[in-house]
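Working notes for the structure below.
What you see is a predicted model; the values in this text were computed from it and never measured. Chain letters run A, B, ... following the sequence lines, proteins first, then strands; residues in each count from 1.
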Amino acid sequence: KQEVTQIPAALSVPEGENLVLNCSFTDSAIYNLQWFRQDPGKGLTSLLLIQSSQREQTSGRLNASLDKSSGRSTLYIAASQPGDSATYLCAVLLSGTYKYIFGTGTRLKVLA
Amino acid sequence: KAGVTQTPRYLIKTRGQQVTLSCSPISGHRSVSWYQQTPGQGLQFLFEYFSETQRNKGNFPGRFSGRQFSNSRSEMNVSTLELGDSALYLCASSPGSGSNSPLHFGNGTRLTVT
């Protein structure tokens, strides 16, 4: 059974810091991995999608890496800003299905 | 392009009642999936539809059902509501033919069962 874990559960950093969020999964048979952010009371916004054959994806200040063999992904946020404050979730798409398994999320607070 | 629209935004129901939630995907998207989000369990997959066919179902009791219409709009129904069904129900859409498209989520329907 696929399990997705995110560490840390919560993180508070001063503005301008670079930071890394971690996501680990137990079964490497995944089709892709997505990182999302969720603002309070809102839905999820997709940030980056990494296909199983890729090692990383970049968008602006965000960089996500994927190591399938070790069951890990990281989301790197450069020069954090207060507007980055949100909950960040990773999700893996199980191979042969259309079912995403979500991690428990990291609640990020960037202090001005 | 309009985003994923979920209606209603908030619902209050009593135990034993039934409820229907609606989701309109992004124009052109043919896959619609539903998730339940609770503080204790996080986000859990309910089901996924593509071209009116359910392709995957999560581990929820038969009280949870869904359907998709020919215009890709989707509804989910929960019958005989229980207190534990209180949650944020999220709908997501994607183009759907392949599996490497980002999911686009709506803002959800907040269901409270009293």
Measuring heavy-atom distances to chain A, does [X] have an atom under 4.5 Å in its side chain, in its backbone, in both, or in neither?
{"X": "B/Leu43", "answer": "both"}
{"X": "B/Gln37", "answer": "side chain"}
{"X": "B/Tyr35", "answer": "side chain"}
{"X": "B/Leu90", "answer": "side chain"}

**Request:** Could you check which of A/Gly43, A/Gly103, A/Gly105 has the highest count of heavy-atom pairs closer than 4.5 Å to chain B?
**Result:** A/Gly43

Verify the cluster assignment for [X] and [Y]: are they in a single hydrophobic cluster under the rule of side-chain heavy atoms below 4.5 Å apart?
{"X": "A/Tyr100", "Y": "B/Phe60", "answer": "no"}
{"X": "B/Phe105", "Y": "B/Met76", "answer": "no"}
{"X": "A/Val110", "Y": "A/Tyr88", "answer": "yes"}

Say you draw a straight line from [atom1] of [X] to [atom2] of [Y]; how long is it, rounded to the nearest 0.5 Å?
{"X": "A/Tyr98", "Y": "B/Phe45", "atom1": "OH", "atom2": "CZ", "value": "11.0 Å"}
{"X": "B/Lys57", "Y": "A/Lys99", "atom1": "NZ", "atom2": "NZ", "value": "10.5 Å"}
{"X": "B/His104", "Y": "A/Leu44", "atom1": "NE2", "atom2": "CG", "value": "12.5 Å"}

Does [atom1] in [X] sit with more than 12 non-hydrogen atoms of other residues, nucleotides or ligands closer than 6.0 Å?
{"X": "B/Arg9", "atom1": "CZ", "result": "yes"}
{"X": "B/Asn59", "atom1": "CG", "result": "no"}
{"X": "B/Arg63", "atom1": "CZ", "result": "yes"}
{"X": "A/Arg61", "atom1": "CZ", "result": "yes"}
{"X": "B/Arg73", "atom1": "CZ", "result": "yes"}
{"X": "B/Ile12", "atom1": "CD1", "result": "no"}

**Asked** Is a side-chain N or O of B/Asn56 found less than 3.5 angstrom from the main chain of A/Thr97, in a donor-acceptor match?
**Response** no

**Shortest non-hydrogen contact from B/Leu103 toward A/Phe36** = O-CE2, 3.9 Å

**Request:** Mind listing the closest non-hydrogen atom pair of B/Leu88 and A/Lys42 along with its distance?
**Result:** CD2-O, 4.4 Å

**Message:** Using heavy-atom distances under 4.5 Å, tell me whether A/Leu89 contacts chain B through its side chain, its backbone, both, or neither.
**Reply:** side chain

**Item:** Atom group of A/Gln34 that falls short of 4.5 Å from chain B, counting heavy atoms
**Value:** side chain

